[in-house]
Amino acid sequence: MRTPSVKTEVAIKKIRQFHQKQRRVPTLEEMAKLFKFASKRSAFLLVERLIEAGLIEKDGKGRITIKRMFLPLPVLGSIRAGVPQDEEEQLIDTLSFDEYLVDRPESSYLLKVIGDSMEDAGLREGDIVIVDKKKEPKENDIVVANVDDQFTLKYFRKIDGKICLEPGNKKYKIIYPKDNLSIQGVVISTVRRYY
């Protein structure tokens with residue numbers, strides 16, 4: 001049986017749209033309806049093609065997951081943030097934000113920042129941080145911590161040999177755990193929307 005004649009870009013766009021609305025990837029039956037296929041077999045063949053293209057994958061339980069949420073975008077060069085200068089637009093490379101922002105998707109999750117205690121670290125209220133829960137924290141990393149049964153986002157520090165959590169805003173105090181401290185992950189990226 002031949003592979004269904006749906007363009008890869010069209011297929012992944014429709015699957016992403018479904019994912020955004022439903023918060024899950026469509027089943028084979030739903031894909032057959034989505035692409036107006038006569039059978040689930042055609043949906044299966046499409047999935048196989050998308051797996052080969054590296055756009056989706058199957059997890060350990062055989063469920064379909066989106067491997068990359070973003071298609072690669074063109075990198076057209078660099079831009080000065082200082083004195084204006086002539087820059088010629090040229091295609092240098094392509095880049096997928098999935099690969100740029102997330103090293104290990106299987107151990108990463110997102111959190112929305114609330115409050116201003118990390119403003120001087122460049123994290124503002126409303127920003128999204130990408131956290132790797134398996135990364136070992138090093139001093140000066142920004143971490144998600146459970147300190148005395150409360151969660152917070154702070155710098156991981158050692159002062160006078162004691163582990164503490166330091167805010168990125170001078171109006172807040174350093175936190176020394178009274179009873180317990182566990183690190184739930186290390187912040188590896190941040191995303192901010194302006195509009």
Side-chain angles (χ1 to χ4, degrees), residues 12 15-25 50-75 78 92-159 161-170 172-194:
I12 203 67
I15 292 169
R16 280 196 187 98
Q17 287 170 342
F18 183 98
H19 186 273
Q20 285 174 336
K21 287 180 185 172
Q22 304 294 327
R23 296 289 183 216
R24 63 179 176 80
V25 176
L50 295 174
I51 288 171
E52 283 176 32
L55 296 170
I56 62 174
E57 61 188 353
K58 288 186 181 177
D59 65 14
K61 296 181 179 177
R63 290 180 298 219
I64 301 163
T65 59
I66 297 176
K67 192 170 181 182
R68 294 191 313 221
M69 286 301 291
F70 303 97
L71 289 174
L73 298 173
V75 178
S78 56
I92 294 175
D93 198 359
T94 57
L95 174 71
S96 166
F97 277 109
D98 293 306
E99 293 167 2
Y100 181 72
L101 297 173
V102 183
D103 296 328
R104 297 183 294 198
E106 70 283 355
S107 65
S108 298
Y109 59 95
L110 305 175
L111 291 172
K112 188 171 186 176
V113 177
I114 298 172
D116 63 353
S117 74
M118 294 303 286
E119 257 185 16
D120 295 342
L123 299 177
R124 297 184 187 154
E125 184 155 13
D127 287 353
I128 302 292
V129 291
I130 300 163
V131 181
D132 188 333
K133 63 186 175 186
K134 291 195 176 170
K135 187 170 175 59
E136 279 296 314
K138 294 186 206 122
E139 192 161 2
N140 301 322
D141 280 347
I142 297 173
V143 298
V144 174
N146 182 341
V147 57
D148 300 322
D149 301 320
Q150 293 190 327
F151 288 91
T152 189
L153 186 70
K154 298 287 183 279
Y155 283 113
F156 182 75
R157 303 268 204 234
K158 283 184 188 173
I159 298 175
K162 292 181 182 174
I163 292 176
C164 62
L165 301 170
E166 186 176 357
N169 186 332
K170 295 199 183 334
Y172 294 94
K173 294 180 180 178
I174 293 173
I175 300 169
Y176 290 92
K178 292 176 185 157
D179 295 318
N180 56 61
L181 171 69
S182 65
I183 303 303
Q184 305 295 307
V186 175
V187 173
I188 58 166
S189 305
T190 185
V191 179
R192 177 178 300 143
R193 286 196 62 160
Y194 290 96

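Contact between Ile159 and Cys164 at its shortest, heavy atoms only, is CD1-SG, 3.7 Å. The shortest heavy-atom contact between Val186 and Pro137 is CG2-CA, 3.7 Å. For the pair Tyr155 and Ala121, the tightest heavy-atom approach, listed with the atom from each and the gap, is OH-CB, 3.1 Å. Of all heavy-atom pairs between Lys162 and Tyr176, the closest is CB-CE2, 4.2 Å. Summarising the geometry of Lys154 relative to Leu165, their closest heavy-atom pair is CB-CB, 3.7 Å, with the distance given to 0.1 Å.
Contacts classified as side chain to side chain donor-acceptor pair (under 3.5 Å) and involving residues 140-151 (residues at least two apart or in different chains) are given here: Asn140-Arg157. Residue pairs satisfying the salt bridge (Lys or Arg N to Asp or Glu O under 4.0 Å) criterion with at least one member in residues 110-125, sequence neighbours excluded, are listed as follows: Asp116-Lys171. Every pair passing salt bridge (Lys or Arg N to Asp or Glu O under 4.0 Å) that includes a residue from residues 173-193 is listed here, sequence neighbours excluded: Asp127-Arg192.
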Please walk me through it: do Phe151 and Leu111 pass side-chain contact (heavy atoms from CB on, under 4.5 Å)?
-> CA-CA 12 Å; Phe151 288 91; Leu111 291 172; over 6 Å; no
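Here the straight-line distance linking atom CD of Glu166 with atom CD1 of Ile175 works out to 10.5 Å at 0.5 Å rounding. One distance of note links OH of Tyr109 with CG of Asp132; it measures 9.0 Å at 0.5 Å rounding. Thr190 contributes atom OG1, which lies 8.0 Å from atom CD1 of Ile128 (distance to the nearest 0.5 angstrom).
Taking the side chain as every heavy atom from C-beta outward, Lys58 and Ile51 approach each other to under 4.5 Å. Inter-residue side-chain proximity for Arg24 and Phe18 is flagged as met; some heavy-atom pair is nearer than 4.5 Å. Using a 4.5 Å heavy-atom cutoff, the side chains of Ile15 and Leu50 are in contact.
The neighbour count for Glu136 CD, taken as heavy atoms of other residues, nucleotides or ligands under 6.0 Å away, does not exceed 12.
Between Met118 and the options Asn169, Val187, Ile142, Val113, a side-chain contact (heavy atoms from CB on, under 4.5 Å) holds for only Ile142.
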